[in-house]
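Okay, structure first, notes after.
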Amino acid sequence: MAIAYNDKAMLTITTDASSLFEIGKLNVTLITKKAGNDALLPPKEVLIVSPTDAGIYPVLLFIHGFFLQNHYYTQLIRHISSHGFIVVAPQLFCLLPQSSTEDVTSTAAVANWLPIGLQSLLPSAVKPDFEKLTMAGHSRGGQTAFALALGHAKINLKFTALIGIDPVAGLSKSCQVDPKILTYKPESFNLDIPALVIGSGYGDEKNCLAPACAPEGVNHTEFYYECPPPCYHFVVTKYGHLDMLDDHALNLVTKCICKKGNCRDIMRRCTAGITIAFLKAYLEKEAGDLKDILAKPELAPGKLDPVEFRQK
């Protein structure tokens, strides 16, 4: 059963969730490591954003979108990391994008490298907690994340949560990328972990002569529809498919291809804050902030509509 955000009987405000939409208190560092053949080196170049404060932190594996670079998401993943997460963002291709099936294979290789090589790249007082491991991805990277969670490549670690940020599974219902994961049946994904889907309100709209960047039928709405509970769906209404990127990433391209909102900072803060609340709820068993946002979506810096979830 889906429960809309205005069903407040179940949702008591307990904390100040608005702080999640701002940069956190932890200092973070950016680490880039090129791929190599040594076992300790990643199979793909990685951008790692980690707190520098001593501690044990959950790990978020973040997959970039089609034809995009991992460093285009630096502002977004710095925000997430500053609230107590180690974010690992591989670069899946060098110059030209590879096939979607190769994306799945490459991401699985990076996931399997994490327990072998990640620790050696982190600040000495920082430890990764692989018992609290999340897979996330944007655009086609969201489809890749879901494909991996559905078992389309062998991963040695167990992921405990799944996030799709404006995920896209192809050009249309009849033109899905491989592996074709959408079935168009409710709650059909064979998942045993909680899922969060964040969508953009302008993603399914055409911009000038370009087709929609997140077409209807293969976008966030369908991904959420096919998730079993517990699952969550937030749509940032007045922002586009690439508005969570860094301020200066692909400015010319985004103006010509994807319809965009007025301020990327708002889309990034919405995306980061919702992600952090979801991770705190399911990795740290601290659900107060997520309940707050569900009950009062106006806590976010941008309008959220719809805001919905299904629980077991």
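- When the options Pro123, Pro51, Ser81 are evaluated for a side-chain contact (heavy atoms from CB on, under 4.5 Å) with Thr29, the one that passes is Pro123.
- Residues Ser106 and Gln98 bring a donor and an acceptor atom of their side chains to less than 3.5 Å of each other.
- Hydrophobic cluster membership is shared by Leu150 and Val218, with clusters built from Ile, Leu, Val, Met, Phe, Trp and Tyr side chains linked at under 4.5 angstrom.
- Contact annotation: the side chain of Ile155 approaches that of Met135 to within less than 4.5 Å [non-hydrogen atoms, C-beta and beyond].
- The CG atom of Asp129 sits 6.5 Å away from atom CD1 of Ile56, with the distance rounded to the nearest 0.5 Å.
- If you take CD on Glu222 and SG on Cys227, they are separated by 10.0 Å, rounding to the nearest 0.5 Å.
- Checked by atom type and distance alone, the side chain of Gln176 pairs as donor or acceptor with a backbone atom of Leu182 at under 3.5 Å.
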Derivation of the side-chain contact (heavy atoms from CB on, under 4.5 Å) call for Tyr73 and Leu47: CA-CA 10 Å; Tyr73 301 88; Leu47 169 64; over 6 Å; no
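- Cation-pi geometry between Arg310 and Tyr224 is met: under 6.0 angstrom from the ring centre, within 45 degrees of the axis.
- Across every non-hydrogen atom of Leu157 and Ala111, the tightest pair is CD1-O, 3.7 Å.
- Aromatic rings of Tyr225 and His220 (six-membered ring for Trp) have centroids beyond the 6.0 Å cut-off, not under it.
- A cation-pi arrangement is present between Lys173 and Tyr184, with the terminal nitrogen or guanidinium carbon under 6.0 Å from the aromatic centre and inside a 45° cone about the axis.
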One pair to check against side-chain contact (heavy atoms from CB on, under 4.5 Å): Phe62 and Asn70. What are the steps and the verdict? CA-CA 9 Å; Phe62 183 91; Asn70 55 1; over 6 Å; no
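- Asn112 places a side-chain N or O within donor-acceptor distance of the main-chain N or O of Asn156, the cut-off being under 3.5 Å.
- Without hydrogens or angle criteria, Lys44 side chain to Leu92 main chain gives a donor-acceptor distance under 3.5 Å.
- Judged by distance alone, with hydrogens and angles left aside, the side-chain atoms of Gln75 form no donor-acceptor pair with the main-chain N or O of Leu245 at under 3.5 Å.
- Of all heavy-atom pairs spanning Thr134 and Phe159, the tightest one is C-CD2, 3.5 Å.
- The side-chain heavy atoms of Thr32 and Val46, taken from C-beta on, include no pair separated by under 4.5 Å.
- At least one donor-acceptor pair under 3.5 Å links the side chain of Gln119 to the backbone N or O of Val126.
- Of the possible polar contacts, one joining the His83 side chain to the Gly24 backbone as a donor-acceptor pair under 3.5 Å is found.
- Between Tyr232 and Phe234, the two ring planes are parallel [angle under 30°; tilted spans 30° to 60°].
- For the residue pair Thr183 / Glu226, a side-chain donor-acceptor distance below 3.5 Å is found, with atom types taken as modelled.
- Taken from CG in Leu40 to CG in Leu118, the straight-line distance is 11.0 Å, to the nearest 0.5 Å.
- When all heavy atoms of Glu22 and His79 are compared, the pair lying nearest together is O-NE2, 3.0 Å.
- Proximity of a side-chain donor or acceptor of Asn219 to a complementary backbone N or O of Ala214 within less than 3.5 Å is detected.
- A donor-acceptor pair shorter than 3.5 Å can be found between the side chains of Ser200 and Asp166.
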Can you check side-chain contact (heavy atoms from CB on, under 4.5 Å) on Cys270 and Ile266, steps first, answer last? CA-CA 6 Å; Cys270 285; Ile266 291 177; 4.3 Å; yes
For Asp289 and Lys280: C-alpha separation, side-chain torsions, deciding distance, then whether salt bridge (charged side-chain N to carboxylate O under 4.0 Å, His left out) applies. CA-CA 8 Å; Asp289 289 327; Lys280 288 178 64 177; 2.6 Å; yes
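- Rounding to the nearest 0.5 angstrom, the gap separating the CG atom in Asp247 from the OH atom in Tyr72 is 14.0 Å.
- At distances below 3.5 Å, not a single donor-acceptor pair connects side-chain atoms of Thr221 with backbone N or O atoms of Gly217.
- Atom CD1 in Ile293 sits 12.0 Å away from atom NZ in Lys296 (nearest 0.5 Å).
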Set out, in order, the CA-CA distance, both residues' side-chain angles and the distance that settles ring pair (Phe, Tyr, Trp, His ring centres under 6.0 Å) for Phe93 and His64, then state yes or no. CA-CA 10 Å; Phe93 59 85; His64 62 78; 5.4 Å; yes
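- Within 6.0 Å of atom CG in Leu30, more than 12 heavy atoms from other residues, nucleotides or ligands are found, so the atom counts as buried in its surroundings.
- Looking at every heavy atom in both residues, Ser100 comes nearest to Asp178 through OG-O, 2.5 Å.
- Looking at heavy atoms from C-beta onward, Leu122 lies out of side-chain contact with Lys127 at the 4.5 angstrom threshold.
- For Lys185, the NZ atom sits in a loose shell: 12 or fewer heavy atoms of surrounding residues, nucleotides or ligands are nearer than 6.0 Å.
- Contact annotation: the side chain of Thr275 approaches that of Ile198 to within less than 4.5 Å [non-hydrogen atoms, C-beta and beyond].
- The OG1 atom of Thr271 sits 9.5 Å away from atom CZ of Phe21, with the distance rounded to the nearest 0.5 Å.
- In this structure, Pro229 and Glu187 have side chains that are in contact, with non-hydrogen atoms separated by less than 4.5 Å.
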Evaluation steps, salt bridge (charged side-chain N to carboxylate O under 4.0 Å, His left out), between Asp243 and Arg268: CA-CA 7 Å; Asp243 281 341; Arg268 283 195 304 269; over 6 Å; no
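- With hydrogens and angles ignored, the 3.5 Å screen pairs a side-chain donor or acceptor of Arg264 with a backbone N or O of Asp246.
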Applying side-chain contact (heavy atoms from CB on, under 4.5 Å), run through Ile181 and His152 and close with a yes or a no. CA-CA 9 Å; Ile181 62 173; His152 287 276; 3.8 Å; yes
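- Between Arg269 and Asp265, at least one side-chain nitrogen of the basic residue sits less than 4.0 Å from a carboxylate oxygen of the acidic one, meeting the salt-bridge criterion.
- Scanning all heavy atoms of the two residues, the minimum distance from Asp204 to Glu216 falls at CB-N, 4.0 Å.
- The local environment of CG in Asp38 is crowded, with over 12 non-hydrogen atoms from other residues, nucleotides or ligands closer than 6.0 Å.
- Aromatic ring orientation, Phe189 versus Phe223: tilted (interplanar angle from 30° to 60°).
- Between Tyr202 and Tyr239, the gap from one ring centroid to the other reaches at least 6.0 Å.
- Contact record, Leu242 with His138: CD2-CE1, 3.8 Å, taken as the closest heavy-atom pair.
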